[in-house]
Asks: 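If you scroll down you'll find the structure; I have some questions about it.
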Amino acid sequence: MTDTTMPADSSRRTALGLTCAVGGAGVVAAAVPFVTSFAPSERAKAAGAPVEIDIGDIQPGQLKRAEWRGKPIWVLRRTPEMLESLKVTEGEVADPDSQRTAFPTPEYAQNQWRSIKPEYLVVIGICTHLGCSPVERLQGSSDPSLPPGWPGGFLCPCHGSTFDLAGRVFKNKPAPDNLEVPPYVYLSDTRIEVGVDKKA
């Protein structure tokens with residue numbers, strides 16, 4: 001029996017090899033941008049980076065705002081009277097010792113003040129109910145949405161949740177948890193860094 005198959009042409013073999021090589025290079029070239037898109041952008045890295053806040057210019061009784069990871073950060077410098085009010089609200093708040101775990105409170109803030117230093121409260125200004133932004137009502141107020149004898153704190157106008165001057169939610173309110181305490185550390189007496197979880 002005679003073999004009728006023709007030997008493959010060497011130029012055809014070369015062309016086939018080159019076509020495969022070019023196709024493979026094209027696949028790699030197309031895949032590189034796709035794979036690198038999984039890495040966070042410089043903007044995203046910056047958005048998640050820790051943030052330094054100067055607290056040296058906050059007067060007693062004042063609230064300073066900053067931003068970290070797109071969230072509002074509140075730093076309240078509490079007066080001695082404000083700190084005293086926390087003893088009054090102790091029995092009126094749902095989670096006085098910050099033991100609930102939906103928004104874990106750093107160990108260094110699991111105290112009556114919910115802070116490293118009693119004078120300065122550092123919280124994320126987002127209501128734990130539906131993510132609205134509460135407003136500060138730091139002094140007594142005639143606002144009808146606030147309970148009589150309001151000791152000062154924060155009010156979420158969307159659904160009426162109220163928080164004391166430590167960001168602890170009052171009982172029987174829509175918000176299930178206290179305002180979240182972000183990780184933070186003191187760099188000096190006048191500067192804090194939010195986004196770094198170190199012990200005080």
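Both backbone and side-chain heavy atoms feed into the values below; hydrogens, waters and symmetry mates do not.
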Asks: To the nearest 0.5 Å, how far apart are CD1 in I55 and CD in E119?
Replies: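 One gets 8.0 Å once the value is rounded to the nearest 0.5 Å.
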
Asks: Treat each ILVMFWY residue as a node, draw an edge where side-chain heavy atoms are under 4.5 Å apart, and state whether F103 and V123 are in one component.
Replies: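 In one cluster with F103: V123, no.
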
Asks: Do F163 and C127 have side chains that approach each other closer than 4.5 Å (heavy atoms only, starting at C-beta)?
Replies: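 With C-beta onward as the side chain, the pair touches.
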
Asks: List for me each residue that meets ring pair (Phe, Tyr, Trp, His ring centres under 6.0 Å) alongside W74, sequence neighbours excluded, and say none if there are none.
Replies: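 Counting only residues at least two positions away or on another chain, W74 forms a ring pair (Phe, Tyr, Trp, His ring centres under 6.0 Å) with F154.
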
Asks: Indicate the atoms forming the closest heavy-atom contact of I116 with Y184, along with that distance.
Replies: N-OH, 2.9 Å

Asks: Looking only at heavy atoms, what is the nearest atom pair of S115 and P118, with distance?
Replies: OG-CA, 3.8 Å

Asks: Can you find a heavy atom in the side chain of V75 that is under 4.5 Å from one in the side chain of L121?
Replies: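 In short, these two side chains do not touch, never coming nearer than 4.5 Å.
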
Asks: Below 4.5 Å, heavy atoms only, C-beta onward: do E136 and R65 meet side chain to side chain?
Replies: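 Yes; the side chains approach each other to less than 4.5 Å.
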
Asks: Side chains of L86 and R78: does their closest heavy-atom pair fall under 4.5 Å?
Replies: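 Side-chain contact under 4.5 Å: yes.
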
Asks: Compare all side-chain heavy atoms of Q99 with those of Q110 and state whether any distance is below 4.5 angstrom.
Replies: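 SC-SC contact between Q99 and Q110 confirmed.
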
Asks: Which heavy atom in P157 sits nearest to a heavy atom in S133, and how many Å separate them?
Replies: CD-O, 4.1 Å

Asks: Atom CG of L76 and atom CG of L138: how far apart are they, to the nearest 0.5 Å?
Replies: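 If we round to the nearest 0.5 Å, L76:CG and L138:CG are 5.5 Å apart.
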
Asks: Heavy atoms, side chains only, cut-off 4.5 Å: are Q139 and M82 in contact?
Replies: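 When only atoms from C-beta onward are counted, M82 and Q139 do touch, with a gap below 4.5 Å.
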
Asks: Please tell me whether L83 and L165 are part of a single hydrophobic cluster in this structure, the criterion being side-chain heavy atoms less than 4.5 Å apart.
Replies: yes

Asks: If we check side chain to side chain contact (heavy atoms under 4.5 Å, CB included) with T190, which of these qualifies: D54, I53, I58?
Replies: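 With T190 as partner, D54, I53, I58 yield a single side chain to side chain contact (heavy atoms under 4.5 Å, CB included), made by D54.
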
Asks: From S98 OG over to Q112 CD, what is the distance, rounded to the nearest 0.5 angstrom?
Replies: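 Rounded to the nearest 0.5 Å, the OG-CD separation comes out at 11.0 Å.
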
Asks: Salt bridge check: are R168 and E92 linked by an N-O gap of less than 4.0 Å?
Replies: no

Asks: In chain order, what residues pass the ring pair (Phe, Tyr, Trp, His ring centres under 6.0 Å) check against F170, with sequence neighbours excluded?
Replies: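 Ring pair (Phe, Tyr, Trp, His ring centres under 6.0 Å) list for F170, sorted by chain: W150.
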
Asks: State whether the side chain of Y108 and the backbone N or O of V185 hold a donor-acceptor pair below 3.5 Å, judged by distance alone.
Replies: no

Asks: If the threshold is 4.0 Å, N to carboxylate O, is there a salt bridge linking D164 and R114?
Replies: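 So D164 does not pair with R114 through a salt bridge.
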
Asks: Distance-only check: which donor-acceptor pairs under 3.5 Å involve side-chain atoms of residues 174-181, not counting sequence neighbours?
Replies:
unit_1, atom_1, unit_2, atom_2, d
N178, OD1, V169, N, 2.9
N178, ND2, D95, O, 3.1

Asks: Answer yes or no: is there a donor N or O on one side and an acceptor on the other, between the side chain of K173 and the main chain of V93, under 3.5 Å?
Replies: no

Asks: How many angstroms lie between NZ in K64 and CZ in R77, if you round to the nearest 0.5 Å?
Replies: 12.0 Å

Asks: Are any of the side-chain heavy atoms of Q62 and D57 separated by less than 4.5 Å?
Replies: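 Side chain of Q62 against side chain of D57, heavy atoms only: no contact under 4.5 Å found.
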
Asks: Going by heavy atoms in the side chains, are R137 and T162 under 4.5 Å from each other?
Replies: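 No - every pair of side-chain heavy atoms lies 4.5 Å or more apart.
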
Asks: Count I, L, V, M, F, W, Y as connected when their side-chain heavy atoms are under 4.5 Å apart, and connections chain through other members. Are V122 and I126 then in the same cluster?
Replies: yes

